[in-house]
Amino acid sequence: MTVTSRTRVGIVGAGPAGLMLSVLLARRGIESVIVESRTREYCEARQRAGMLEAGTVAALRAAGVGKRLDAEGLEHDGIYLQFAGERQHVNFRELVGRTVTIYAQTEIVKDLIADRLAAGGVIEFSASSVAVSGIESAAPVLSYTDSAGVPHEVACDVIAGCDGFHGIARALVPGLSAYERTYPYAWLGILADAGPSTDELIYSRHPDGFALYSMRSPEVSRLYLQVPADESLDAWSDDRIWAELQKRFALPGWSVATGQITDKSITPMRSFVAGPMRHGRLFLAGDAAHIVPPCGAKGLNLAVGDAIVMASALSALLLDGSATLADAYSDTCLRRAWRATQFSYFMTSMTHVLPNDPFDDLAQLAQLRYVTSSPAAATSLAENYSGYESPKFES
Ligand code: APR
Ligand code: PHB
């Protein structure tokens, strides 16, 4: 027997976009149900990004989920860009008056899940056969089978497709246009029990490939290496990874602190933007609509931004009967998504090395010298990295 129920907003996916949306809607007194195909443990353990724009930090605080972020987040004034044997600092605080904060996406996911569950919110983990129907009517339905095998149908006012790049929601938008760029390289990422030997992130362009030095805490480093797109993890022993990191970050009298590697993965690099992000009563957010390559750390920030814009649009639609913000939703989000897409493309192309391309090598070095010496160019980088036109959530 199918169990039927009702909520205002049915949300597909318990990633940062879906969870943040549910929390923001709750703050406006709007009920929602989240349906997620994975287990809670899986969602809370997935290693993802970790750099938050100033606006993302402000929104998490305004939503009342900033307590652990404030206690454990690492605030950074800027980043280092390393190339041709130099390491130059770009100071966002001085250039644009904003900082960025290291706080892992997994921790945000844990905080948001805990907040929803403590408030009696519904998150159906381990759901299967998730489907959406009736998005062109005023009463769309979210259906799924729960972890005990019981089928459910939830009648909703609106459905939010926050189900990531491989979800089901995007395909329900008729006439969707998608724009894509793939890159001939990937990132090999590690998590290591090693205190970072740098105070802020280092983006290093080395003739043998890009490397990024990031971190999770004073005890844990997160490091990435540019590798070929079709690379296998089997080719990378721990010793080879450390040797390559030492080489790509090398500076006289300085070295990368090593430690036990606790996680190792390869992430493909892709830019993808699809729109419109709304059809009828279905709204898309986050990776369901757009993917950026990780260089520049925009993915998580875009997902949170979409959730903020959607929460305002749905509050106006469902509480005041005003469709103006809902009608503007897709354009508002796509405008920011394209800015972030262009910036991520810029950061990636400036720092990642193509084999046997001396023209590109010299053009990259010219660009790196420019953004680290011209205040105008550095300000543009700082403005984009720390968050350009971030949407605000008023608590
Ligand atoms: N039914 C239910 N849930 C689904 C389905 C489905 N058919 N398909 C996917 N999901 C779930 C996934 O298991 C995942 O938990 O939707 C969630 C989507 O979460 P994310 O992929 O984290 O996407 P999003 O919330 O948009 O956050 C984007 O995550 O991938 C990173 O770098 C990216 O930082 C960015 C952020
Ligand atoms: C990370 O900490 O995982 C991270 C930081 C900055 C990036 C990408 C990833 O540009």
Side-chain angles (χ1 to χ4, degrees), residues 10-22 33-40 42-53 56 74 76 79 100-106 108-109 112-113 123-132 142-145 159-172 187 189-191 196 200-203 210-217 220-224 263 265 267-270 272 277 284-307 310 333 337 340 343-344 347-348 351 385:
I11 301 175
V12 190
L19 290 165
M20 184 69 174
L21 176 66
S22 184
V33 166
I34 304 181
V35 174
E36 163 61 51
S37 51
R38 303 286 192 161
T39 62
R40 177 177 179 181
Y42 182 91
C43 293
E44 292 186 341
R46 231 176 342 207
Q47 287 305 322
R48 291 271 179 88
M51 178 58 96
L52 310 185
E53 295 174 357
T56 302
L74 305 172
H76 289 183
I79 56 167
V100 289
T101 300
I102 281 285
Y103 187 65
Q105 179 167 324
T106 44
I108 295 180
V109 164
L112 293 170
I113 290 175
I123 310 177
E124 278 281 5
F125 288 102
S126 308
S128 56
S129 307
V130 179
V132 170
L142 174 57
S143 52
Y144 64 96
T145 300
I159 298 207
C162 305
D163 48 352
F165 186 65
H166 300 287
I168 52 158
R170 186 172 64 247
L172 301 174
W187 273 16
I190 62 159
L191 204 57
E200 299 192 339
L201 271 53
I202 308 169
Y203 288 77
F210 170 78
L212 171 62
Y213 201 142
S214 184
M215 61 196 73
R216 288 293 173 262
S217 72
V220 175
S221 296
R222 176 83 168 140
L223 295 129
Y224 299 95
D263 191 88
S265 63
T267 312
M269 312 265 279
R270 174 194 276 133
F272 176 90
M277 286 172 61
L284 304 178
D287 279 14
H290 39 68
I291 300 263
V292 288
C295 192
K298 288 291 159 221
L300 168 61
N301 294 291
L302 275 180
V304 169
D306 288 351
M310 205 198 295
C333 290
F343 177 69
S344 308
M347 286 292 286
T348 305
T351 53
Y385 194 109

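Any value given below was found using the heavy atoms of this structure, including those in side chains, with hydrogens, waters and symmetry copies removed. All figures in this text were calculated on a predicted structure; none of them were measured in a lab. We count ligands from 1, going down the list as the structure has it; atoms in each ligand are counted the same way.
- Looking at Arg48 against ligand 1, only its side chain comes within 4.0 Å, counting heavy atoms.
- Counting atoms of ligand 2 from 1 in the listed order, those under 4.0 Å from a heavy atom of Pro294 are 7 (C), 8 (C), 10 (O).
- For atom 9 (C) of ligand 1, the closest non-hydrogen atom of the protein is Asp163 O, 3.1 Å.
- Relative orientation of the Trp187 and Tyr224 rings is tilted, given thresholds of 30° and 60° on the angle between their planes.
- Rounding to the nearest 0.5 Å gives a distance of 9.0 Å between CD of Gln105 and CZ of Arg216.
- Using a 4.0 Å cut-off to heavy atoms of Gly286, the atoms of ligand 1 that qualify are 26 (O).
- Taking the side chain as every heavy atom from C-beta outward, Val304 and Ile108 never approach each other to under 4.5 Å.
- Looking at atom 36 (C) of ligand 1, its nearest protein heavy atom turns out to be Gln105 NE2, 3.6 Å.
- Listed by atom number, the atoms of ligand 2 under 4.0 Å from Leu212 heavy atoms are 6 (C), 7 (C), 8 (C), 9 (C), 10 (O).
- Here CD of Glu44 is found 4.0 Å from CD1 of Ile113. Values are rounded to the nearest 0.5 Å.
- Residues Leu74 and Ser217 come closest through the heavy atom pair CD1-CA, 4.0 Å.
- Shown in contact with Val35 at under 4.0 Å from a heavy atom are these atoms of ligand 1, numbered in order with element: 2 (C), 3 (N).
- Counting heavy atoms from C-beta on, the side chains of Asp306 and Met277 come closer than 4.5 Å.
- Checked by distance only, ligand 2 and Trp187 stay at 3.5 Å or farther apart across all their nitrogen or oxygen atoms.
- Heavy-atom contacts of Gly164 reach the following atoms of ligand 1: 18 (C), 21 (O), 23 (O) (cutoff under 4.0 Å).
- Residue Leu300 approaches ligand 1 through these ligand atoms, each under 4.0 Å from one of its heavy atoms: 34 (O), 35 (C).
- Considering backbone and side-chain N/O of Ala17, one or more are found under 3.5 Å from N/O of ligand 1.
- Looking at Arg48 and Leu300, their side chains never come closer than 4.5 Å, going by heavy atoms from C-beta outward.
- Ligand-side atoms of ligand 1 in range of Asp287: 23 (O), 26 (O), 28 (C), 29 (O), 30 (O), 31 (C), 33 (C), 35 (C), range being under 4.0 angstrom from any heavy atom.
- Looking only at side-chain heavy atoms (C-beta outward), His76 and Thr101 stay at 4.5 Å or farther from each other.
- Atoms CE and OH, on Met347 and Tyr385 in that order, are 6.0 Å from each other to the nearest 0.5 Å.
- Taking each heavy atom of Ala288 and Arg170 in turn, the nearest pair found is O-NH1, 2.8 Å.
- Classified by interplanar angle (parallel below 30°, tilted 30° to 60°, perpendicular above 60°), the ring pair Phe210/Tyr203 is tilted.
- Looking at heavy atoms from C-beta onward, Ser265 lies out of side-chain contact with Gln47 at the 4.5 angstrom threshold.
- Taking both residues in full, the closest heavy atoms of Cys43 and Val109 are given as O-CG1, 3.6 Å, listed atom of the first, atom of the second, then distance.
- If you look at Ala127 next to ligand 1, there are no close heavy atoms at all, none under 4.0 Å.
- A heavy-atom separation below 4.0 Å is found between Pro16 and ligand 1.
- The heavy-atom pair separating Met269 from Thr348 by the smallest distance is CE-CG2, 3.8 Å.
- Under 4.0 angstrom from ligand 2, the non-hydrogen atoms of Arg216 all belong to its side chain.
- Using a 4.0 Å cut-off between heavy atoms, Val12 contacts ligand 1 through its side chain alone, with no backbone atom that close.
- Residue contacts with ligand 1 for Leu19 are absent, since no atom lies close enough (heavy atoms, distance under 4.0 Å).
- Contact annotation: the side chain of Leu302 never approaches that of Asp287 to less than 4.5 Å [non-hydrogen atoms, C-beta and beyond].
- Backbone and side-chain nitrogen or oxygen atoms of Arg38 are examined, and none is located within less than 3.5 angstrom of a nitrogen or oxygen of ligand 1.
- Near Cys162, meaning under 4.0 Å from any of its heavy atoms, are these atoms of ligand 1: 16 (O), 17 (C), 18 (C).
- When hydrogens are left out, the protein atom nearest atom 13 (O) of ligand 1 is Glu36 OE2, 2.7 Å; that is the closest non-hydrogen contact.
- In terms of N/O distances under 3.5 Å, ligand 2 is not approached by Arg222.
- Distances below 4.0 Å separate heavy atoms of Gly167 from the following atoms of ligand 1: 8 (N).
- When heavy-atom distances to ligand 1 are checked against a 4.0 Å cut-off, Val130 comes that close only through its side chain, counted from C-beta outward.
- Atoms of ligand 2 lying under 4.0 Å from any heavy atom of Leu201, numbered from 1 in the order shown and given with element: 5 (C), 6 (C).
- Between Ile34 and Leu19 the shortest heavy-atom distance is CD1-CD2, 3.8 Å.
- The shortest contact between atom 4 (C) of ligand 1 and any protein heavy atom is with Ser37 OG, 3.3 Å.
- Considering backbone and side-chain atoms together, Gly296 places an N or O closer than 3.5 Å to an N or O of ligand 2.
- From the protein, the heavy atom lying nearest to atom 2 (O) of ligand 2 is Ser214 OG, 2.6 Å.
- Between Arg222 and Ile102, the closest side-chain pair of non-hydrogen atoms is not below 4.5 Å.
- At the shortest separation from atom 3 (O) of ligand 2 among protein heavy atoms lies Tyr224 OH, 2.5 Å.
- Here Ala297 has heavy atoms under 4.0 Å from ligand 2 in both its backbone and its side chain.
- Residue Tyr385 has no nitrogen or oxygen atom sitting less than 3.5 Å from a nitrogen or oxygen atom of ligand 2, judged on distance alone.
- Atoms of ligand 2 found under 4.0 Å from any heavy atom of Tyr203, numbered from 1 in the order shown, are 6 (C), 7 (C), 10 (O).
- In terms of heavy atoms, Ser126 sits closest to Thr39 at OG-CG2, 3.4 Å.
- Counting the atoms of ligand 1 from 1 in the order shown, those under 4.0 Å from a heavy atom of Gly15 are 17 (C), 19 (O), 22 (O), 25 (O).
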